[in-house]
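Accompanying notes for the structure given below.
Note: hydrogens, waters and symmetry copies are ignored here, and every other heavy atom, side chains too, is used. The structure presented is a predicted model; accordingly, all values stated were derived computationally and were not measured. Numbers for residues simply follow the sequence, beginning at 1.
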Amino acid sequence: MAIEILPSLLAADFGNLAADVLRAEASGADRLHLDVMDAHFVPNLSFGPDVVALARKVAPDFWRHVHLMMTRPDLYLEKFRDAGAQTIQIHVEADVDVHRELKRIEAMGVKSALALNPETPAEAVFPYLKETREILVMTVHPGYGGQKFIPECLPKIAAIRKRAPEIDLMVDGGVNGETAILAAEAGANQFVAGSYLFKQPDMKAAVAAMRRDLARCP
Ligand code: DX5
Ligand code: ZN
């Protein structure tokens with residue numbers, strides 16, 4: 001499976017967002033992860049389509065992977081597509097018909113992806129494994145950056161990997177050089193990292209080190 005590293009813009013300096021989008025792109029990371037929070041699905045607000053559009057403007061070739069932590073993502077899909085989202089990830093716990101919304105995302109010409117919260121069992125995503133491109137296992141309770149990786153989520157990664165050997169399997173929350181290895185050993189191949197990467201004085205070196213260490217995982 002191809003290894004991917006995605007810096008999460010949530011950990012950027014919001015006073016210098018454009019510069020931090022460029023910094024993430026120049027780090028050699030694969031794609032940009034953009035966390036949208038609605039203060040309902042999670043107890044926090046982050047940003048909306050305008051920030052996705054800003055990322056497109058300053059770094060048009062840096063893939064925009066948009067993680068919608070929203071109770072009703074269905075009401076905003078077109079807005080995020082129009083702002084430049086290239087992958088739209090919804091949650092299996094959202095208050096929507098997941099089969100229908102994954103289809104709508106793909107029909108819009110956007111790649112679909114599905115996320116699940118720490119307390120949600122692996123089985124919840126089994127019905128969708130043939131309908132979407134990526135599954136994201138949250139390894140913190142969503143809502144805030146800078147939290148600690150929950151190791152109890154590792155068996156869930158392994159269960160999904162066993163069921164879907166070919167699917168892209170992403171982890172998000174508390175990912176750093178060490179926890180990324182634990183997730184990779186469980187079967188993850190895509191890694192979102194916010195605070196760990198943005199706090200690095202040399203993000204490029206950190207991404208390269210992470211990639212090198214992950215490549216050594218069996
Ligand atoms: C959490 C978000 C994450 C977050 C990760 O609700 O979905 O993408 O930005 O941040 P770190 O890497 O700091 O845990
Ligand atoms: Zn995220």
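- Follow the hydrophobic side-chain contacts under 4.5 Å out from Val192 and you never reach Met210; the two are in separate clusters.
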- Message: Using the rule given for side-chain contact (heavy atoms from CB on, under 4.5 Å), can you reason through Val110 versus Arg81, listing the C-alpha separation, both sets of side-chain angles and the distance that settles it, and then say yes or no?
- Response: CA-CA 7 Å; Val110 175; Arg81 187 266 322 267; 3.5 Å; yes
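- A distance of 4.0 Å separates CZ in Arg211 from CG in Asp30, rounded to the nearest 0.5 Å.
- With rounding to the nearest 0.5 angstrom, the CD atom of Gln86 is 10.0 Å from the CG atom of Leu34.
- Within 6.0 Å of OH in Tyr76 there are 12 or fewer heavy atoms belonging to other residues, nucleotides or ligands.
- Within the model, atoms CD1 of Ile167 and CD of Gln190 stand 10.0 Å from one another, a figure rounded to the nearest 0.5 Å.
- Contact check for Pro151 versus Leu182: no side-chain heavy atoms found under the 4.5 Å cut-off.
- With respect to the salt-bridge test (charged N to carboxylate O, under 4.0 angstrom), the residues Asp202 and Lys204 do not qualify.
- Scanning both residues, Pro142 and Pro43, for their nearest heavy atoms gives O-CD, 4.2 Å.
- Within the 3.5 Å criterion, the main-chain N or O of Gly145 finds no donor-acceptor partner in the side chain of Ser195.
- In this structure Phe198 satisfies the ring-ring contact (aromatic ring centres under 6.0 Å, His included) test with no other residue, sequence neighbours excluded.
- When atom types are taken as modelled, the side chain of Glu93 and the backbone of Asn117 share a donor-acceptor pair closer than 3.5 angstrom.
- The distance from the OH atom of Tyr144 to the CG atom of Leu10 is 10.5 Å, given to the nearest 0.5 Å.
- Separation of atoms SG (Cys153) and CG (Asp172) is listed at 11.0 Å; rounding is to 0.5 Å.
- Judged by the 6.0 Å and 45° rule, Arg31 forms no cation-pi pair with Phe62.
- Looking at heavy atoms from C-beta onward, Val140 lies out of side-chain contact with Pro118 at the 4.5 angstrom threshold.
- His91 places none of its side-chain heavy atoms less than 4.5 Å from the side chain of Met70.
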- Steps toward side-chain contact (heavy atoms from CB on, under 4.5 Å) verdict (Met69, Asp35): CA-CA 7 Å; Met69 285 162 275; Asp35 286 305; 3.2 Å; yes
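- Between Glu101 and Arg104 there is a salt bridge, since a side-chain N of the basic residue sits under 4.0 Å from a carboxylate O of the acidic one.
- Summarising the geometry of Ala94 relative to Pro73, their closest heavy-atom pair is CB-CD, 3.9 Å, with the distance given to 0.1 Å.
- In this structure, Asp82 does not pair ionically with Arg56, as no charged nitrogen and carboxylate oxygen lie closer than 4.0 Å.
- A donor-acceptor pair under 3.5 Å links the side-chain atoms of Asp38 to the main chain of Thr71, judged by distance alone.
- Asp20 contributes no side-chain N or O that, together with a main-chain N or O of Arg23, makes up a donor-acceptor pair within less than 3.5 Å.
- A 4.5 Å side-chain heavy-atom check between Asp168 and Ile135 finds every atom pair outside the cut-off.
- In this structure, Ile5 and Leu197 have side chains that are in contact, with non-hydrogen atoms separated by less than 4.5 Å.
- What you find for Gly187 and Leu169 is that their closest heavy atoms are O-CD2, 3.8 Å.
- Judged by distance alone, with hydrogens and angles left aside, the side-chain atoms of Arg161 form a donor-acceptor pair with the main-chain N or O of Pro165 at under 3.5 Å.
- Proximity of Ile150 to His141: side-chain heavy atoms (C-beta onward) are separated by under 4.5 Å at one or more points.
- Among Leu68, Val36, Leu102, the single residue meeting the side-chain contact (heavy atoms from CB on, under 4.5 Å) criterion with Ile88 is Leu68.
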- Query: Which is it for Thr87 and His33 under the side-chain contact (heavy atoms from CB on, under 4.5 Å) test, yes or no, and what are the steps along the way?
  - Reply: CA-CA 9 Å; Thr87 301; His33 184 84; over 6 Å; no
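- Scanning all heavy atoms of the two residues, the minimum distance from Ala184 to Leu214 falls at CB-CD2, 3.6 Å.
- The two atoms that bring Arg163 and Leu129 nearest to each other are CG-CD1, 3.5 Å, heavy atoms only.
- Within the 4.5 Å cutoff, the side chain of Phe149 has heavy atoms near those of the Leu154 side chain.
- Remark: the backbone N or O of Val98 is not paired with any side-chain donor or acceptor of Lys103 at under 3.5 angstrom.
- Of the candidates Arg100, Lys111, Arg133, Arg133 is the only one forming a salt bridge (Lys or Arg N to Asp or Glu O under 4.0 Å) with Glu106.
- Summarising the geometry of His99 relative to Pro127, their closest heavy-atom pair is CE1-O, 3.6 Å, with the distance given to 0.1 Å.
- Between Leu17 and the choices Leu22, Leu54, Val58, the side-chain contact (heavy atoms from CB on, under 4.5 Å) rule is met once, by Leu54.
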